[in-house]
Amino acid sequence: MISSNDFRTGVSIELDGSVWRVVEFLHVKPGKGSAFVRTKLKNVQTGNVVEKTFRAGETVPQANLEKRAMQHTYKDGDEYVFMDMESFEETSLSESQIGDRSKYLNEEMEVNILFWNDQILEVELPNSVVLEVVDTDPGVKGDTATGGTKPAKVSTGAQVMVPLFISIGERIKIDTRNDSYLGRE
């Protein structure tokens, strides 16, 4: 159990039989009446966002999440196969279970997979990945680092905006949280 006074961004709680993550919270102490905590919660399974108010000190069950380090070994049709790094047991996930994070998955990448009651909730990618540019417009003489951006397709199929001087075959570092170019490798 966790008190509503201990809510922080990223804390996971159980409500109505599903897992919710605290996105925003605000402790409010009105001049008249008792204090309360106004929160914005995101359902981890569906992605729905709701606003909910809790009385100050109200307790709710904290979600017992298990994080396992797994390695993406290969893709079999629409299924992504991951191997548990401790037990070497394989788990298959569909593209819908992984969501838009699949655009950065390459073989032998280590990821964290969150489990709740032996049910897979989400796949956590590293904050940045290094991938090779496989398709982009050619750079032109005079292109500079501050000149602008162009679309580039990387080896996993994702499309990222990169500076004009990046060319095919270069390895670039990409922030997986916001799909942005971080630099060359």
Side-chain angles (χ1 to χ4, degrees), residues 8-12 19-25 40-49 65-116 120-185:
R8 301 288 175 258
T9 303
V11 168
S12 299
V19 178
W20 297 82
R21 183 165 289 138
V22 177
V23 177
E24 291 178 15
F25 66 98
K40 190 178 279 188
L41 303 171
K42 180 178 182 179
N43 188 314
V44 178
Q45 288 118 322
T46 63
N48 293 344
V49 177
L65 301 178
E66 181 186 353
K67 188 183 287 191
R68 295 185 201 159
M70 300 186 102
Q71 182 181 46
H72 174 241
T73 50
Y74 61 94
K75 184 176 177 184
D76 184 22
D78 289 341
E79 298 282 316
Y80 291 85
V81 181
F82 294 89
M83 179 181 66
D84 191 317
M85 298 303 284
E86 291 179 13
S87 65
F88 303 110
E89 187 177 303
E90 287 191 341
T91 304
S92 292
L93 297 177
S94 67
E95 199 160 333
S96 63
Q97 286 177 297
I98 297 171
D100 65 342
R101 296 174 199 87
S102 63
K103 65 184 173 186
Y104 293 119
L105 272 178
N106 59 4
E107 291 186 10
E108 298 184 16
M109 176 185 278
E110 284 194 31
V111 297
N112 289 320
I113 298 184
L114 282 179
F115 288 86
W116 174 64
I120 295 171
L121 289 182
E122 68 179 342
V123 176
E124 290 181 348
L125 294 177
N127 289 339
S128 64
V129 293
V130 176
L131 297 170
E132 184 176 337
V133 176
V134 294
D135 186 31
T136 188
D137 294 334
V140 180
K141 186 174 180 167
D143 288 344
T144 63
T146 58
T149 59
K150 63 182 179 180
K153 189 173 181 181
V154 293
S155 56
T156 58
Q159 186 145 339
V160 181
M161 297 304 286
V162 298
L164 296 171
F165 58 83
I166 297 295
S167 58
I168 296 173
E170 289 192 62
R171 294 177 57 78
I172 59 171
K173 192 172 195 177
I174 303 167
D175 189 332
T176 58
R177 297 167 293 187
N178 58 13
D179 303 332
S180 65
Y181 167 84
L182 293 175
R184 291 184 193 171
E185 270 302 306

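No hydrogens, no waters, no symmetry mates; every other heavy atom, side chains included, goes into these values.
- Open room surrounds NZ on Lys42; 12 or fewer heavy atoms of other groups in view lie less than 6.0 Å from it.
- Other residues, nucleotides and ligands contribute more than 12 heavy atoms inside 6.0 Å of the NZ atom of Lys75.
- A side-chain donor-acceptor contact under 3.5 Å links Lys150 to the backbone of Leu164.
- By the 4.5 Å heavy-atom criterion applied to side chains, Thr73 and Phe82 are not counted as neighbours.
- Side chain of Ser155 to backbone of Leu131: no donor-acceptor contact under 3.5 angstrom is found.
- Of the possible donor and acceptor atoms, one in the side chain of His72 sits under 3.5 Å from a partner among the backbone N and O of Asn106.
- Interatomic distance, CG of Asp84 versus CD1 of Ile113, reported as 8.5 Å (0.5 Å rounding).
- By the 6.0 Å contact criterion, CG on Asn112 is enclosed, its count of non-hydrogen atoms from other residues, nucleotides or ligands being greater than 12.
- To the nearest 0.5 angstrom, Phe88 atom CZ is 6.0 Å from Met83 atom CE.
- The closest side-chain heavy-atom distance from Glu124 to Leu114 is below 4.5 Å.
- To the nearest 0.5 Å, the span separating OG on Ser102 from OH on Tyr80 amounts to 4.0 Å.
- Using a 4.5 Å cut-off on side-chain heavy atoms (C-beta onward), Val129 and Lys173 make no contact.
- Separation of atoms CG (Leu125) and CD (Glu110) is listed at 12.5 Å; rounding is to 0.5 Å.
- Annotation: side chain of Lys40 is not in contact with side chain of Arg21 (no heavy-atom distance under 4.5 Å).
- The structure places CG of Leu105 at 9.5 Å from CG of Leu93, a figure rounded to the nearest 0.5 Å.
- With a 4.5 Å cut-off on side-chain heavy atoms, Ile168 and Thr136 count as touching.
- Asp179 contributes atom CG, which lies 8.5 Å from atom CD1 of Ile174 (distance to the nearest 0.5 angstrom).
- Remark: the backbone N or O of Glu79 is not paired with any side-chain donor or acceptor of Ser94 at under 3.5 angstrom.
- Distance alone, capped at 3.5 Å, places no donor-acceptor pair between the Thr9 side chain and the Glu24 backbone.
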Would you please test Leu121 and Val19 for side-chain contact (heavy atoms from CB on, under 4.5 Å) and show each step?
-> CA-CA 9 Å; Leu121 289 182; Val19 178; 4.1 Å; yes

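- Minimum interatomic distance between Val160 and Ser180 (heavy atoms only, all atoms of both residues): CG1-C, 4.4 Å.
- Considering only heavy atoms from C-beta on, Met85 comes within 4.5 Å of Gln71 through its side chain.
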Using the side-chain contact (heavy atoms from CB on, under 4.5 Å) rule, take Met70 and Glu90 through it: C-alpha gap first, then chi angles, then the decisive distance, then the call.
-> CA-CA 9 Å; Met70 300 186 102; Glu90 287 191 341; over 6 Å; no

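- In this structure, Leu41 and Val49 have side chains that are not in contact, with every pair of non-hydrogen atoms separated by 4.5 Å or more.
- In this structure, Ile166 and Tyr181 have side chains that are in contact, with non-hydrogen atoms separated by less than 4.5 Å.
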